[in-house]
Amino acid sequence: MPDRDSAAPTDSPGSALSQGTWDDGLIARRVDETTAGSQYAVLDSRPAAPPTVSPLVYDGPLRSRLEALRELVGLSRTRLDSRTLAEAGRVLDEASARRRLSGQHTVVAIAGATGSGKSQLFNALAGVAISETGVRRPTTAAPIACSWSDGAASLIERLGIPPRLRRRPLPTGDGDSQLHGLVLVDLPDHDSAAVQHREHVDRILALVDAVIWVVDPEKYADAVLHERYLRPMAAHAEVMFVVLNQIDRLPGEAAEQVLDDLRRLLDEDGIALGEYGEPGATVLALSGLTGDGVGELRDALGQFVAERAAPARRISADVDIAAARLWPVYATQRRTGLSEQAREEFADRLADAVGATAAGEAAERAWLRNANRACGTPWLRLWRWYQDRGEPTTGRLPSRTQADEEATARQRVEQAVRTVAERASAGLPAPWAQAVREAAVRGSKGLPEALDELSVRAGVPTGRPPRPGWWPVAVLCQAAMTILQFLGGLWLLGQIVGVMSPNLGVPVLLMVIGIVGGPLIEWSCRMAARGPARRYGLEAERRLREAAAGCGRARVLDPVAAELLRYREVREQYGRVVGAGR
């Protein structure tokens, strides 16, 4: 069966080709040897002074998305590894590089499998023989570029295509103006046995503005094509053409059936089809050999290039793909952060670790003990002084130096830190959850020692608690009761020794008033002291709680909150990257 790609133009002895214009390699030599009498392409000879071209300008939404992506990468470098951010960094670099180049040209690559006839279609679109066609596989060994207008040199250089593989079609009138601004690139076979060829394809597909996928009736459902290329590039549907070539081989309605099945496969790949005026890939059927449908593709390409929107659409699709890959490290389905309840529970755990409640109770007991000593009877105060000689100074908390108490306090602090870290990191993506936990662990170093020191400084003050204004009155009353006891006793003693006249009623009454009045005053003062003592104890507990909470906030909660704030910032930037494109 004759090969469909074997047609090639010939050379005449007096032509530019025979004069060395296109004699730059194996492809040109084969054309020289096998072709005669046809129109041919010319080498792209760039002028000494390159023409002035306008750089590409992105619209507002795309600029906003790129700025947000750049900010997102900058904020995430210390939290995410370089591999995670590699795709986003590549998109930013490519967007910046493409923006500096011509906005008046659209670079379109023709890609396909071995034997699909993409080089034949390339020549048909150009109207001249540019890319070699033939039986030998792979035929296209290196990418070849053809530009329909001046000023595309920098774009082609970016693709790494050397000058000897750059072509310009000869002027053909209307056809030439229709594709003005087009840069067409014929790629090697994507399923080539040569690794270098596949590397050329993958590298250039990442740089071009649009791509024409050429499939044939035999390989249009090839798994390699769909799984390696079409499915991952589904977001690029608006800058994608899918062409079913060689329909002249299909009898009757078979071409429509294959085309429908191709559309079904593309739909399964997630590629939106540009039907009924909706944005998406353009799907066509044609024959590069007979020319059927080539004019329709040329018209579609002409309109596509005239819009000059393909570069921005390509970059926007690249941003979509980069954002989709970053979804697991930024997105969360639940509300994150530290609730007020979690903060209060953390403060309560730290207060429990420093013994704030016990300190308040000790302060309350100290206040009551001081009140009893100040308002008690002299005899009772003397007895209590004798009992308390071996106890610590009134109001001073005993130092917690026992090993078991220190270990228990340390365990409580560590448990409090672990709990608040787990609550703060709940629902966060793994990298940010890990960062929150690490911040909590770093802040907890030295926290038990700081709390121990704090419990001494901010606990119950040493010395006597402050006295209320009614204490002096109570002391004077207690002194009066003691004086009455002394007076009654001396009076009775004077009567016994005969110094004073006998009269038991008055001295006994004085002694009874003093003996009964002293304990009564002491009991009254104890009842009156309960309220102030309770308030004094609560104030001491509050002071220690606030000190412990402040220490925990400075060492643990603030670093954790800083990590959460950083996550909220990157989440906001990620929302701009994703949301602006929807």
Side-chain angles (χ1 to χ4, degrees), residues 55-59 61-103 105-109 111 143 145 154-161 183 185 187-188 190 195-211 213 227-240 270-271 309-331 429 431 570-571 573-582:
L56 180 63
V57 178
Y58 297 138
D59 59 12
L62 181 56
R63 284 201 307 271
S64 177
R65 296 183 70 193
L66 290 172
E67 291 172 1
L69 184 61
R70 185 174 292 106
E71 185 72 16
L72 181 68
V73 172
L75 290 172
S76 305
R77 290 194 187 279
T78 58
R79 297 295 178 268
L80 303 178
D81 58 82
S82 57
R83 290 181 301 175
T84 303
L85 298 174
E87 177 64 17
R90 187 197 67 79
V91 170
L92 290 173
D93 293 341
E94 296 301 335
S96 179
R98 184 63 181 90
R99 183 178 57 84
R100 292 191 294 267
L101 302 178
S102 172
H105 292 80
T106 301
V107 183
V108 181
S154 57
L155 284 169
I156 301 176
E157 288 174 0
R158 179 169 175 253
L159 304 180
I161 300 177
V183 179
V185 181
L187 297 180
H190 68 74
V195 176
Q196 186 179 9
H197 295 182
R198 298 197 301 270
E199 291 176 349
H200 279 313
V201 173
D202 294 343
R203 177 179 59 82
I204 294 180
L205 283 179
L207 300 176
V208 297
D209 301 325
V211 59
W213 288 102
E227 294 177 4
R228 183 175 180 179
Y229 292 104
L230 294 181
R231 197 167 299 165
M233 295 182 65
H236 297 86
E238 291 189 61
V239 291
M240 188 183 300
I271 297 176
R313 290 175 182 173
R314 168 62 194 258
I315 296 299
S316 180
D318 287 342
V319 173
D320 289 339
I321 292 176
R325 293 182 179 179
L326 292 175
W327 172 267
V329 297
Y330 290 118
V570 300
R571 186 67 178 87
Q573 295 298 332
Y574 182 75
R576 289 177 57 196
V577 173
V578 176
R582 293 182 175 177

Next item on the list: Spell out, as yes or no, whether a donor-acceptor pair under 3.5 Å connects the side chain of Y58 to the backbone of A95.
Entry: yes
Note to self: I want to check something: taking the side chain as every heavy atom from C-beta on, are Y330 and L80 in contact at a cut-off of under 4.5 Å?
What the structure shows: yes
Item checked: Shortest non-hydrogen contact from A331 toward P429 -> O-CG, 3.4 Å
Check: Going by an N to O cut-off under 4.0 Å, is there a salt bridge joining E94 and R314?
Finding: no
Next item on the list: Using a 4.5 Å cut-off on heavy atoms from C-beta on, say whether the side chain of L92 contacts that of L66.
Entry: yes
Note to self: Can you give me the closest heavy-atom contact between I321 and A235, atom names plus distance?
What the structure shows: CG1-CB, 3.7 Å
Next item on the list: Report yes if the side chains of R79 and V570 come closer than 4.5 Å at any heavy-atom pair, otherwise no.
Entry: no
Note to self: With a 4.0 Å cut-off on N to O distance, would you call R65 and D59 a salt bridge?
What the structure shows: no
Next item on the list: Show the numbers, then the answer: is there a side chain to side chain contact (heavy atoms under 4.5 Å, CB included) between T84 and L326?
Entry: CA-CA 7 Å; T84 303; L326 292 175; 4.0 Å; yes
Check: Which pair of heavy atoms, one from A234 and one from G270, lies closest together, and at what distance?
Finding: CB-O, 3.6 Å
Check: Does anything in residues 66-75 pair up under salt bridge (Lys or Arg N to Asp or Glu O under 4.0 Å), and if so which pairs, sequence neighbours excluded?
Finding: none
Notebook entry, point to check: Quick one: does P188's side chain get under 4.5 Å of P143's, heavy atoms only?
Noted result: yes
Check: What distance do L101 atom CG and S96 atom OG have between them, rounded to the nearest 0.5 Å?
Finding: 9.5 Å
Next item on the list: Please identify each residue that fulfils side-chain hydrogen bond (donor to acceptor under 3.5 Å, both in side chains) with R98, with sequence neighbours left out.
Entry: D209
Next item on the list: List the atom of I161, the atom of V185, and the distance in Å for their closest heavy-atom pair.
Entry: CD1-CG1, 3.9 Å
Next item on the list: Can you see which heavy atom on L230 is nearest to which on I271, and at what distance?
Entry: O-CD1, 3.6 Å
Check: Do H236 and D318 touch side chain to side chain, with heavy atoms closer than 4.5 Å?
Finding: yes
Check: How long is the span from the CZ atom in R325 to the CD atom in E87, to the nearest 0.5 Å?
Finding: 4.5 Å
Donor-acceptor pairs under 3.5 Å, side chain of residues 198-207 to any protein atom, not counting sequence neighbours: which ones?
from, atom 1, to, atom 2, distance (Å)
R198, NH1, S192, O, 2.6
H200, ND1, R203, NH2, 3.4
D202, OD1, Y229, OH, 2.9
D202, OD2, R228, NH2, 2.7
R203, NH1, L159, O, 2.5
R203, NH2, L159, O, 3.3

Item checked: Distance, nearest 0.5 Å, that separates CZ of R77 from CG of L72 -> 10.5 Å
Notebook entry, point to check: What's the shortest heavy-atom distance between R576 and A68, and which atoms?
Noted result: CB-CB, 3.7 Å
Next item on the list: Could you tell me the separation between the CG atom of L56 and the CD1 atom of I315, rounded to the nearest 0.5 Å?
Entry: 8.0 Å
